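Counting convention: from 1, in listed order, for ligands and their atoms alike. In what follows, residues are counted from 1 in the order of the sequence shown. If you're wondering where the values come from, they're calculated on a predicted model, not measured in any experiment.
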Amino acid sequence: MSRLHDKTFLVTGASSGIGRALCIELVGRGAHVLGVTRRPSALPASIFPIEADLTQRSEIHNIFQQLGKIDGLINCAGVAYLSRIMDGNPADWEEMFRVNVMALSLCCQLSLKHFPNHGGRIVNVSSMSGHRVPPSGGFYSPTKFAVRAITDALRLELKEANLPIQVASVSPGFVDTPLLDGYFRGREETLAQTRSAMRMLQPIDVAHAILTILEAPDHVEVGDILLRSIDQR
Ligand SMILES: NC(=O)c1ccc[n+]([C@@H]2O[C@H](COP(=O)([O-])OP(=O)(O)OC[C@H]3O[C@@H](n4cnc5c(N)ncnc54)[C@H](OP(=O)(O)O)[C@@H]3O)[C@@H](O)[C@H]2O)c1
């Protein structure tokens with residue numbers, strides 16, 4: 001039987017891409033899954049829906065006001081726009097900052113008191129763009145650098161506080177999800193070329209990396225998992 005059987009997980013970004021694939025895998029392992037989304041009707045029936053717009057701090061607080069105990073939090077929700085520092089739209093920067101950085105951090109903070117005394121795990125989805133700035137990284141890449149730094153800051157704080165909650169990140173390269181439509185907005189031809197030139201990662205590939213972390217023995221602390229398509233530089 002899986003280590004995750006009968007455990008409870010809160011997953012943001014549960015309606016699409018990586019988050020959705022992860023939710024389905026968790027349910028397949030006998031876990032209970034609460035999925036955060038603005039579109040509850042987009043969730044599979046096996047996922048308990050929690051409706052929230054993560055750009056709104058009050059809605060993030062509402063998620064945790066209703067919540068009981070959880071064994072894990074997986075922050076998958078994210079937004080990616082090609083929005084350069086030189087001439088990008090600050091409204092795009094703000095949305096990316098709110099969802100990718102602020103909401104992820106606040107979900108981490110508010111989740112802590114929902115873990116049982118024996119602890120649990122938090123996984124934050126970062127990106128290869130959080131390890132090096134690609135030419136088209138714009139404002140998205142800094143938000144993913146922040147995810148890595150937040151993950152490590154929280155890891156050290158939890159150790160100092162002697163709380164047995166582990167925190168890790170996962171850093172994929174291109175994954176074939178709807179997020180790429182926003183990232184390649186206005187460059188649809190480049191996206192089509194990228195899709196045909198590359199055997200892109202699929203959401204399930206990243207879900208498996210997250211499951212490796214969630215299923216690791218208690219004494220094994222994973223820091224970050226980097227993964228990309230064999231065809232990506
Ligand atoms: N795809 C890639 O190439 C790639 C590469 C590296 C890292 N990542 C990271 O992987 C994570 C998942 O991305 P994905 O590719 O699976 O994207 P996706 O298929 O576009 O899914 C994005 C998810 O984020 C949620 N979300 C976005 N804005 C939200 C908001 N304001 N409030 C609540 N939920 C919101 C969406 O939920 P609703 O719309 O239903 O609310 C959706 O479930 C992101 O953090 C992304 O940065 C992706």
A.B. asks: Taking ring-ring contact (aromatic ring centres under 6.0 Å, His included) as the cut-off, I'd like each qualifying pair that reaches into residues 79-113, sequence neighbours left out, listed once.
C.D. replies: W93-F139
A.B. asks: Please check this pair: side chain of E189 against backbone of R187, looking for a donor-acceptor N/O pair closer than 3.5 Å.
C.D. replies: no
A.B. asks: Would you check if the side chain of S141 reaches a backbone N or O of G130 as a donor-acceptor pair within less than 3.5 Å?
C.D. replies: no
A.B. asks: Kindly tell me which protein residues have any non-hydrogen atom under 4.0 angstrom away from an atom of ligand 1, grouped by chain and ordered by number?
C.D. replies: G13, A14, S15, S16, G17, I18, T37, R38, R39, A52, D53, L54, T55, C76, A77, G78, V79, V99, V125, S126, S127, Y140, K144, P172, G173, F174, V175, T177, P178, L179, L180
A.B. asks: For R185, check salt bridge (charged side-chain N to carboxylate O under 4.0 Å, His left out) against everything at least two apart and list the hits.
C.D. replies: D92
A.B. asks: Taking only Lys NZ, Arg NE, NH1 and NH2, and the carboxylate oxygens of Asp or Glu, determine whether R155 and D224 approach each other closer than 4.0 Å.
C.D. replies: no
A.B. asks: Sequence neighbours excluded, which residues qualify as side chain to side chain contact (heavy atoms under 4.5 Å, CB included) partners of P142?
C.D. replies: none
